[in-house]
Amino acid sequence: MITENNVIYYAKIDQNGEIIVTKTSVIGESENILIRKEDDLTFSIYDLIEYKKILEKLKQESEMAISCGNIKRKKFFDEYIKELSFSKLDVIRKDSSNKVLIPNCVKDMYDIEDRVLVCNGVNHIKIFKNDDKKREYEVFAVMSVNV
């Protein structure tokens, strides 16, 4: 499955446990990659430098909230920072041929075998076992928004 903009595609996992990410992806130029558990349906791959920028921006937002006296907003950002910080699974290096290793513990956690569904996002890539897991994730996301 490949979309017009090459945003969603299946990637084969080779014998070394690696997938190829496109150079046009959000981590295409990155060397150090962070793998983060999102939930039981998906994990994400981030450029480590960009991930650190995201955390720093959230910390700034938290500080701004407290300086404005908005304790609820500060708590929101602090909880989000905590969640992002504790959901790291691994940090790996992407090789020169754009191969990213999917660690065995991650493959086991998501019951991944020989291929994954890769979904490019704005600042990270989401990885799903298959279309069914992606659809399940989308249904869950819609239900969460409607609550």
Side-chain angles (χ1 to χ4, degrees), residues 1-65 73-147:
M1 166 201 262
I2 297 180
T3 64
E4 287 179 23
N5 299 333
N6 202 23
V7 174
I8 299 173
Y9 60 95
Y10 271 102
K12 182 152 182 51
I13 297 175
D14 68 16
Q15 70 275 7
N16 298 323
E18 298 172 315
I19 62 170
I20 295 176
V21 295
T22 61
K23 290 207 182 270
T24 58
S25 78
V26 295
I27 64 164
E29 300 297 321
S30 305
E31 196 172 286
N32 293 312
I33 306 298
L34 178 125
I35 298 177
R36 178 179 171 268
K37 178 181 169 95
E38 296 288 338
D39 53 36
D40 293 337
L41 300 170
T42 184
F43 64 95
S44 293
I45 301 174
Y46 289 82
D47 169 312
L48 186 58
I49 293 169
E50 291 302 315
Y51 188 79
K52 288 178 179 178
K53 287 179 185 177
I54 292 167
L55 286 176
E56 189 56 40
K57 181 152 177 56
L58 291 170
K59 288 176 186 175
Q60 290 172 359
E61 291 289 338
S62 175
E63 290 170 10
M64 188 181 302
R73 187 169 169 83
K74 179 182 179 8
K75 284 182 181 179
F76 168 80
F77 282 113
D78 289 349
E79 285 298 315
Y80 193 43
I81 291 166
K82 185 175 160 184
E83 178 185 329
L84 289 176
S85 298
F86 287 110
S87 60
K88 296 175 190 172
L89 295 173
D90 209 344
V91 175
I92 56 172
R93 292 181 67 87
K94 181 174 58 93
D95 74 10
S96 60
S97 60
N98 261 25
K99 288 186 176 182
V100 174
L101 174 71
I102 306 297
N104 286 333
C105 64
V106 176
K107 288 191 290 189
D108 291 345
M109 184 182 298
Y110 291 94
D111 193 29
I112 293 170
E113 294 170 8
D114 60 346
R115 69 181 192 153
V116 291
L117 184 62
V118 178
C119 303
N120 286 320
V122 174
N123 58 10
H124 66 284
I125 295 174
K126 283 195 183 305
I127 307 288
F128 296 92
K129 177 180 178 176
N130 54 33
D131 286 324
D132 292 339
K133 293 295 182 188
K134 182 177 179 292
R135 279 191 290 276
E136 190 176 335
Y137 175 84
E138 291 168 341
V139 167
F140 177 74
V142 168
M143 288 174 42
S144 296
V145 170
N146 291 331
V147 172

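What you see is a predicted model, and the numbers here were worked out from it, not measured in a lab.
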(message) For Met64, is the CE atom crowded, meaning more than 12 foreign heavy atoms sit under 6.0 Å from it?
(response) no
(request) Just grab all the salt bridge (Lys or Arg N to Asp or Glu O under 4.0 Å) pairs involving residues 40-54, residues at least two apart or on different chains. (result) Lys37-Asp40, Glu50-Lys53
(message) Can you confirm whether the side chains of Asn130 and Lys133 place a donor and an acceptor under 3.5 Å from each other?
(response) no
(request) Output yes when Glu138 and Lys134 qualify as a salt bridge under the 4.0 Å nitrogen-oxygen rule, no when they do not. (result) yes
(message) Could you check whether any side-chain N or O of Tyr110 sits under 3.5 Å from a backbone N or O of Thr42, counting only pairs where one atom can act as donor and the other as acceptor?
(response) yes
(message) Looking at Arg36 and Glu83, is there a salt bridge between them, counting it only when a charged N and a carboxylate O are closer than 4.0 Å?
(response) yes
(request) Given salt bridge (charged side-chain N to carboxylate O under 4.0 Å, His left out), test Lys75 with Glu79 step by step and report yes or no. (result) CA-CA 6 Å; Lys75 284 182 181 179; Glu79 285 298 315; over 6 Å; no
(message) Just checking Ile49: does its CD1 atom have more than 12 heavy atoms from other residues, nucleotides or ligands closer to it than 6.0 angstrom?
(response) no
(message) Counting C-beta onward and ignoring hydrogens, is there a side-chain heavy-atom pair between Ile92 and Ile33 closer than 4.5 Å?
(response) yes
(request) Decide side chain to side chain contact (heavy atoms under 4.5 Å, CB included) for Phe128 and Ile112; before the verdict, give the C-alpha distance in whole Å, the side-chain angles of both, and the deciding distance to 0.1 Å. (result) CA-CA 9 Å; Phe128 296 92; Ile112 293 170; over 6 Å; no
(request) Among Ile13, Leu101, Asn98, Ile102, find the residue that satisfies the side-chain contact (heavy atoms from CB on, under 4.5 Å) test when tested with Glu18. (result) Leu101
(message) Applying ring pair (Phe, Tyr, Trp, His ring centres under 6.0 Å), can you list everything that pairs with Phe77, at least two apart in sequence or on another chain?
(response) none
(request) Examine distances only and state if a side-chain atom of Lys88 and a backbone atom of Leu34 form a donor-acceptor pair shorter than 3.5 Å. (result) no
(message) The criterion is ring pair (Phe, Tyr, Trp, His ring centres under 6.0 Å); which residues satisfy it with Tyr46, sequence neighbours excluded?
(response) Tyr51, His124
(request) State, to 0.1 Å, how close Ser97 and Ile20 come at their nearest heavy-atom pair, and which atoms those are. (result) O-CG2, 4.3 Å
